[in-house]
Amino acid sequence: DAGVIQSPRHEVTEMGQEVTLRCKPISGHNSLFWYRQTMMRGLELLIYFNNNVPIDDSGMPEDRFSAKMPNASFSTLKIQPSEPRDSAVYFCASSSLIFSEQFFGPGTRLTVL
Amino acid sequence: AQTVTQSQPEMSVQEAETVTLSCTYDTSENNYYLFWYKQPPSRQMILVIRQEAYKQQNATENRFSVNFQKAAKSFSLKISDSQLGDTAMYFCAFMKRMGGNEKLTFGTGTRLTIIP
């Protein structure tokens with residue numbers, strides 16, 4: 001299995017632009033998670049899906065952030081408009097069963113200038 | 001809410017020595033999982049070991065083992081015969097087992113350096 005796939009690996013954009021991060025979970029996994037990692041706040045959960053349905057989005061910072069999972073093999077995290085404080089590494093992770101360990105993608109390093 | 005505390009921001013040890021990383025957590029839950037993840041410079045998050053709270057036996061994975069003290073809410077990671085490839089950030093993480101909540105709560109991490 002190729003593991004969790006994220007794209008792009010690096011994204012540099014200017015403040016105010018729309019940013020879309022993409023994730024393909026491991027085939028057969030039914031849970032998908034978006035995390036953000038910063039020096040100040042560490043690793044924090046933004047949102048997660050079970051069977052394509054958003055379960056907990058309490059970690060989404062504000063209305064500028066949105067996430068979708070249109071099918072079992074694809075999810076997006078969108079930031080519109082982006083701000084410099086959104087600069088971070090964004091991880092996608094998936095798991096196969098409730099209460100199972102999560103497998104992480106390589107992350108997307110986002111820099112907003 | 002659950003909290004995870006890693007009190008050692010940085011540690012270093014000579015190659016081939018043994019090192020122990022500390023983790024404590026706070027929860028009112030009785031059923032949960034604990035994990036150690038490794039993040040090398042490549043930034044990939046790699047699962048090292050996991051422990052189910054209802055199991056009294058400490059988990060082991062080759063050179064990696066844990067000391068799980070449920071009453072003390074302590075979950076330390078021991079790395080034996082340390083290798084240069086063990087150099088990484090290590091994160092302790094908590095996950096509730098009941099209620100369908102699969103959220104991982106992470107500690108702030110310990111940066112481990114293995115010295116040749």
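Just so it is clear, the model here is predicted, and its values are computed rather than measured. So that the names make sense, note that chain A is the first sequence line, chain B the second, and so on, each numbered from 1.
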Counting N and O atoms only, with roles assigned by atom type, does the side chain of B:Q14 sit under 3.5 Å from a partner on the main chain of B:S82, one being a donor and the other an acceptor? no
Contact residues of residues 37-46 of chain A (partner chain B; heavy-atom separation under 4.5 angstrom): A:Q37, A:L43, A:L45
Only pairs of heavy atoms separated by less than 4.5 Å count here; which of A:G59, A:G107, A:A93, A:P106 has the most with chain B? A:P106
Are A:R64 and A:E83 close enough for a salt bridge, meaning some N to O gap below 4.0 Å? yes
Does CG in A:N71 sit with more than 12 non-hydrogen atoms of other residues, nucleotides or ligands closer than 6.0 Å? yes
Examine distances only and state if a side-chain atom of B:T87 and a backbone atom of B:L84 form a donor-acceptor pair shorter than 3.5 Å. yes
CD/A:E62: more than 12 non-hydrogen atoms of other groups inside 6.0 Å: yes
Check the orientation of B:F68 and B:Y25. Use parallel for under 30°, tilted for 30 to 60°, and perpendicular for over 60°. parallel
Are there over 12 heavy-atom neighbours, none belonging to B:K78, within less than 6.0 Å of that residue's NZ? no
Residues 13-20 of chain A vs chain B, non-hydrogen distance cutoff under 4.5 Å, contacting residues -> none
What I want to find out is whether B:E17 reaches B:R63 closely enough, with some N-O distance under 4.0 Å, to be called a salt bridge. no
Are B:K73 and B:D26 ion-paired here, with the side-chain N under 4.0 Å from a carboxylate O? yes
State whether the side chain of B:Q6 and the backbone N or O of B:Y90 hold a donor-acceptor pair below 3.5 Å, judged by distance alone. yes
